[in-house]
Q: 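First the structure, which I've put down as structure tokens, then a few questions once you've had a look.
Within every chain, numbering begins at 1; the chains are lettered A, B, ... in the order of the sequence lines, protein sequences first and strands thereafter.
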Protein chains: 2
Amino acid sequence: MSAEPSKPYHHGELRQALINATEQILTERGLEGFSMREAARRAGVSAAAPAHHFGDTRGLLTAVATAGFLELQAALREANTQGGDRTARIQAQARAYIRFGVAHPARFDLMWRCEALNRADPAYLSASVGAFSLLHEVITGVAVSAEQLCDVAKPGIDVRAVAAWSLVHGFTTLARQGNFDPEMPGLMDGVMATLTV
Amino acid sequence: MSAEPSKPYHHGELRQALINATEQILTERGLEGFSMREAARRAGVSAAAPAHHFGDTRGLLTAVATAGFLELQAALREANTQGGDRTARIQAQARAYIRFGVAHPARFDLMWRCEALNRADPAYLSASVGAFSLLHEVITGVAVSAEQLCDVAKPGIDVRAVAAWSLVHGFTTLARQGNFDPEMPGLMDGVMATLTV
DNA sequence: AGTTAAATCTTTACACTGTTAACATGTCAG
DNA sequence: CTGACATGTTAACAGTGTAAAGATTTAACT
């Protein structure tokens, strides 16, 4: 009897369910509206369950941030395939970066909220470095490894890439916080024009 | 008897004491380590006392962020008085901006943590717009008013100022989070060189 | 197959948080 | 002097993260 599954003791895919729930909370309420217990609630599970998969809150948020960087990577890669010369590809990536940050404010915010994350996590590190590497590569022609970005004093990181990254990241961050409207006619184009690489 | 003051019922300068305590916590433990109760504890006062002065946590943090913007304004103004031509003054301000953010990571972080602040607060608004206005003025020759920055769609904000702001803010933010070392030889100079205004 | 180890989830508990309500104390203007 | 008000206090509440101990399922090994 009782043909209904009626919630088995084991969830089965709790890890992914918690990540999904967290992303849902982020888009609905932002990062300040997130809590471990709320994520557990949405996944239909007790408050202590997430600990088995992520250790603590930091672990879950790091996993979500990692997923965000992979998504950003995909967007940058897609921009790269749009063709055009080097300058066109650089600008396309820059626009994709900005578009991502503006479209997913809370997720983008989390990705850089280093105090709330475990930056030593290998997956996070690789995903975040990989995103910057795409920009670095289209500008300099060579990719950048994780070691180069971790041991920051080491040479190998191109100054032009850091400048471009700073410009794009700053524009995205400031726009995301409502300091100006990124869609204001001519604004983004004008800012892009200063991308002298 | 009891010549000792032995803590009078009224603190006297609780408002400022709470702001000081918060800034102390920020430098010691960062924003994640802050709590209203901890600030009250350091000010030697009960947990409910701050509410009379700031309403809620958001109110206290907004006051601290406002103070931060005033400090930033002073740094930018000081950079402006160092003499030199227009380009020199622009670069001096940019360096002062970066120096401030790197020297006071948690405070700088808070200043832009808009979800944790009350952005409608007039003092905060005026202090933050005032800081940008200094950069805007040295670049374009005219200051920018609060209305112009609030009604973002309105013209009046110079694209060159937004680009410079984005570059400097992005560099500061990324460096602050440990993505690279701002003191790496040649890095900051190279990034500054792209400040083509 | 049967038994044991490991993984996954629950319940319970604890210390901490922000905020409110009700009350106490000091200040000050009329 | 006497309210009215600003500024404190205590007590309470709901919500949080996470740790400990027990329950249940899966998996692995003989």
Q: Tell me the interatomic distance from B:Leu14, atom CG, to C:dT27, atom P, rounded to whole angstroms.
A: 15 Å
Q: Rounded off to whole Å, could you give me the CD-to-P distance for the B:Glu13 and D:dG8 pair?
A: 11 Å
Q: A:Leu70, A:Tyr97: one ILVMFWY side-chain cluster at the under-4.5 Å cut-off?
A: no
Q: So what does the secondary structure string of DNA chain C come out as, 5' to 3', with Watson-Crick or wobble pairs under 3.5 angstrom, [ ] for crossing and | for pairs with another strand?
A: ||||||||||||||||||||||||||||||
Q: Nearest whole Å is fine: how far is C:dT20 P from B:His52 NE2?
A: 11 Å
Q: Between protein and nucleotides 15-19 of chain D, what N or O pairs are separated by less than 3.5 Å?
A:
unit_1: D:dT16; atom_1: OP1; unit_2: A:Ser35; atom_2: OG; d: 3.2
unit_1: D:dT16; atom_1: OP2; unit_2: A:Arg41; atom_2: NH2; d: 3.2
unit_1: D:dG17; atom_1: OP1; unit_2: A:Met36; atom_2: N; d: 2.7
unit_1: D:dG17; atom_1: OP2; unit_2: A:Met36; atom_2: N; d: 3.2
unit_1: D:dG17; atom_1: OP2; unit_2: A:Arg37; atom_2: N; d: 3.0
unit_1: D:dG17; atom_1: N7; unit_2: A:Arg37; atom_2: NH1; d: 2.3
unit_1: D:dG17; atom_1: O6; unit_2: A:Arg37; atom_2: NH1; d: 3.1
unit_1: D:dT18; atom_1: OP2; unit_2: A:Thr57; atom_2: N; d: 2.9
unit_1: D:dT18; atom_1: OP2; unit_2: A:Thr57; atom_2: OG1; d: 2.8
unit_1: D:dT18; atom_1: O4; unit_2: A:Arg37; atom_2: NH1; d: 3.4

Q: Any chance you could lay out the ring pair (Phe, Tyr, Trp, His ring centres under 6.0 Å) test for A:Phe69 and A:Phe132, step after step, and finish with the verdict?
A: CA-CA 10 Å; A:Phe69 270 111; A:Phe132 172 61; over 10 Å; no
Q: Taking it one step at a time, do A:Gln93 and A:Arg89 satisfy side-chain hydrogen bond (donor to acceptor under 3.5 Å, both in side chains)?
A: CA-CA 6 Å; A:Gln93 277 202 24; A:Arg89 291 205 313 278; over 6 Å; no
Q: Check this for me: does any side-chain nitrogen of one of B:Arg113 and B:Asp109 sit under 4.0 Å from a carboxylate oxygen of the other?
A: yes
Q: Tell me whether the rings of A:Phe180 and A:Phe171 are parallel (<30°), tilted (30 to 60°) or perpendicular (>60°).
A: tilted
Q: What is the distance, to the nearest angstrom, from the CZ atom on A:Phe54 to the P atom on C:dA7?
A: 16 Å
Q: Is it true that, when you exclude B:Gln16 itself, more than 12 heavy atoms of the residues, nucleotides or ligands shown sit nearer than 6.0 Å to its CD?
A: yes
Q: Test your reading of the model: is there a side-chain donor-acceptor pair from B:Thr194 to the backbone of A:Ala163, 3.5 Å cut-off?
A: no
Q: Once side-chain contact (heavy atoms from CB on, under 4.5 Å) is applied, do any residues pair with B:Ala43, and if so which ones, sequence neighbours excluded?
A: B:Leu14, B:Ala17, B:Leu18
Q: Any side-chain N or O of B:His53 under 4.0 Å from OP1/OP2 of D:dG8?
A: yes
